[in-house]
Amino acid sequence: MSLEFVLKEVSRCSFCGFCEHVCPTLVRYTRHFGPRGRIQTILFALKNNLATEKSIEGLYTCLTCNACRIQCPGDIKIAEVVREFRNSLRRGEVDIDEKVLKEVR
Amino acid sequence: MIPDNIQINQYKISNSSYFRVIFVKNIVKALKKIVGKNNVLTDELILALYSKNAIGSSGKALCVVFPENSTHISEIVRLCYKENIKIYPQGSATELSGSSTPHDGIVMSFSKMNKIEEINIVDGYVCVQPGVRIHELNDVLSEYGYMFPVDPASGKSATIGGAINTGAGGLRGARYGTMTDWVLGLEVVIPDENGTLLKLGNNTLKCRQGYDLVRLIVGSEGTLAIVTRAFLKITPAPENIVVVTSFFNSPEDAMKAIGEIKKRRMLPAMMEFIDEDVVRMGKEIIDVKTEGEGHMLIVGQECPPELAEKCAEKLVNIMKGADATYIDFALSESEAENKGLINLRRAFYPLAINLGSKEFGESITLVLIEDFVVPVSKLPEAVRIVKEAGKKYGFMVLTGGHVGDGNLHPMIWTDVENKEMMEKAEKFYLEIMERIIEIGGSISAEHGIGEMKREGLKLELRKRGSEKALDIMKQIKEVWDPKSILNPNKVV
């Protein structure tokens, strides 16, 4: 899997929110701890080079359990995308602010 | 209590970023005093997640606040009224009209007000907080053999508060109606200097309390008051549902079947239509298996298990009489699931996403779902109208909807980054709104007006010679929200 694939997948998200109710880490409260938020966080990072420590934090709470994928009308491979994006961050392949990434690396 | 010692207003007159930062900082400080520091979010990217919706529009939020009870809401409203800060109430932001998009104000999220407070089978109601998801409520009610029948497609994510404010409907609308029919009473906070809490309606099945303010709030899209608690009517869940799917050469033939069902005094819980393009591409692209071809009608009729065969036979005969080219049926919902009878209907939305992403690759694909209602007898004409408009503007249009109540949801997909295509999409929707009004329809059945259909609402009222109604609506808004701080510039 490549970052091109990740971008193609996250670009398909229509923000419908159908994925959220099954996410064990959303804990119902804040959107960045759920699949819809994570997809958008990756989209912000890859399309606009935008990320914050808090938004990235949401990506690292994903259990990659895949519960969301069954719910997604677009069949976006959410868990795989999150896993690949985290790997890319670690490898320094994503162009975002170093300060944001200090904890990740 | 509201921290009176915090001075906010003095900074607001300046637009310079320095003073703006101080202004926002002070709002946040005041809000944290009310709801606690963990209940206010300010991270810019997290705010962006609360500033988007499923139709591709986005705005800007100053912060997101998570009240935990009606006292919190009342105090927040008091603060915002005093300081002229806009409030944008938000459920799960699954709406499709732009009603939840914030513009330079605070987003009020109800995800921490998610309790089912009371279930009363004998008196026939439940009392819930606005952040409860419809699906969760039905999960709990199923233990009692009861249900809350309003079932929008987003029901697993959609919240009660959002559904009330949207005036949501769903698949079972023809039999069970929309939210308007199921809200008995509401507790709301109104945007005045005290953040006054009002109890409107009651938890009784009947209530005449002067002008019906409960039903004014239902469908008001968060523009008049903030719902803090709802008393909802509930109903016994059906024992069994017979499902019949049939395929027709034309929408007119499908319409014949719908007419005959009505003449035979049947009132199906579900009557769904999808056009021949959805059927063809659903089979090709997302591999839904059925031998049927053409336009599809799915009918779900409630009936006791012992009468299921008779009921199915009656429906099958109706379909045959309407020249159905292929018919299948199941005597129960579980059999329908096993046979995959409803899979093509379920493929409606995923198919559009799938086709859109195939067409636009890495561009952000936007699936636009229209929502209008026509007299049931005008459905074939409505299908023709949207298909013709699609051809004119170069869009493939997928059509489906809840035809038992005349509600269609034509769908197109566009590339958000392609300005020309987005403009064409707008023209396409304006044209079909105009023509739908001409054949006696209405521009929104269950998604609401929000930001997207304000022009459509004006158009509809103008065409009916009722522009004055819009003035009355504006006056109503002013009475409830004199400073226009509650979800401003939506609906009217």
Side-chain angles (χ1 to χ4, degrees), chain A residues 2-23 26-59 67-77 96-97 100, chain B residues 38-39 41-50 52-58 64 66 90-96 109 111-112 114 131 133-136 153-158 286 346-354 356-358 360-369 413 415-417:
Chain A
S2 62
L3 271 182
E4 285 75 37
F5 175 80
V6 171
L7 179 58
K8 204 174 166 194
E9 283 293 282
V10 296
S11 297
R12 293 198 289 126
C13 175
S14 60
F15 208 71
C16 70
F18 288 16
C19 54
E20 283 190 337
H21 72 287
V22 291
C23 179
L26 178 62
V27 211
R28 314 166 57 99
Y29 298 140
T30 52
R31 221 159 263 166
H32 68 300
F33 289 126
R36 175 163 61 164
R38 290 183 182 117
I39 290 279
Q40 294 298 318
T41 299
I42 295 173
L43 197 59
F44 290 142
L46 294 181
K47 280 246 171 200
N48 313 98
N49 299 333
L50 289 173
T52 61
E53 280 178 67
K54 275 204 184 304
S55 69
I56 293 289
E57 188 190 350
L59 290 172
C68 47
R69 184 173 166 186
I70 301 161
Q71 303 296 328
C72 176
D75 192 29
I76 299 171
K77 299 172 184 66
I96 51 178
D97 194 334
V100 172
Chain B
N38 293 330
N39 284 335
L41 290 178
T42 54
D43 182 280
E44 278 205 33
L45 285 190
I46 296 174
L47 296 187
L49 301 178
Y50 286 83
K52 285 190 75 166
N53 62 11
I55 51 160
S57 62
S58 58
V64 186
F66 298 86
Q90 198 178 97
S92 55
T94 55
E95 51 83 15
L96 295 165
S109 170
S111 56
K112 292 194 177 181
N114 52 19
R133 296 185 197 268
I134 296 175
H135 180 66
E136 286 168 350
S154 58
K156 287 180 179 171
S157 299
I286 33 187
R346 288 199 185 119
F348 183 44
Y349 186 44
L351 181 62
I353 293 177
N354 206 300
S357 60
K358 270 199 170 79
F360 305 129
E362 285 174 17
S363 292
I364 299 172
T365 307
L366 180 64
V367 173
L368 290 166
I369 309 175
W413 49 95
D415 172 358
V416 177
E417 290 152 57

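- For a residue to count as touching a neighbouring chain, one of its non-hydrogen atoms must lie under 4.5 Å from one of that chain's; by this rule A:Phe44 touches chain B with the side chain only.
- Top candidate by heavy-atom pairs under 4.5 Å with chain A, chosen from B:Ala48, B:Pro350, B:Ala347, B:Ser154, is B:Pro350.
- Atom NZ of A:Lys54 has 12 or fewer neighbouring heavy atoms from other residues, nucleotides or ligands inside a 6.0 Å radius.
- No other option in B:Glu44, B:Arg346, B:Glu95, B:Lys156 has as many heavy-atom pairs under 4.5 Å with chain A as B:Lys156.
- To the nearest 0.5 angstrom, B:Leu49 atom CG is 8.0 Å from A:His32 atom NE2.
- In this structure, OG in A:Ser14 is found 10.5 Å from CG in B:Leu368, a value given to the nearest 0.5 Å.
- The side chain to side chain contact (heavy atoms under 4.5 Å, CB included) test with B:Ile353 is passed by exactly one of A:Pro73, A:Cys16, A:Cys72: A:Pro73.
- For B:Asn53, the part sitting under 4.5 Å from any heavy atom of chain A is the backbone (N, CA, C, O) and nothing else.
- With chain A as partner, the option from B:Ile46, B:Thr94, B:Leu41 having the largest number of non-hydrogen pairs under 4.5 angstrom is B:Ile46.
- The shortest heavy-atom contact between B:Ser92 and A:Arg36 is O-NH2, 2.5 Å.
- Between B:Lys52 and A:Arg31, every side-chain heavy-atom pair lies at or beyond the 4.5 Å cut-off.
- No part of A:Glu9 comes within reach of chain B, as not one of its non-hydrogen atoms sits under 4.5 angstrom from that chain.
- In this structure, the portions of B:Leu45 lying under 4.5 Å from any heavy atom of chain A include both its backbone and its side chain.
- When every heavy atom of A:His21 is checked against every heavy atom of B:Ser157, the shortest pair comes out as ND1-OG, 4.3 Å.
- Interface remark: B:Ala352 contributes no atoms to any contact with chain A (heavy atom separation under 4.5 Å).
- With a 4.5 angstrom heavy-atom cutoff, B:Asn354 does not touch chain A via any of its atoms.
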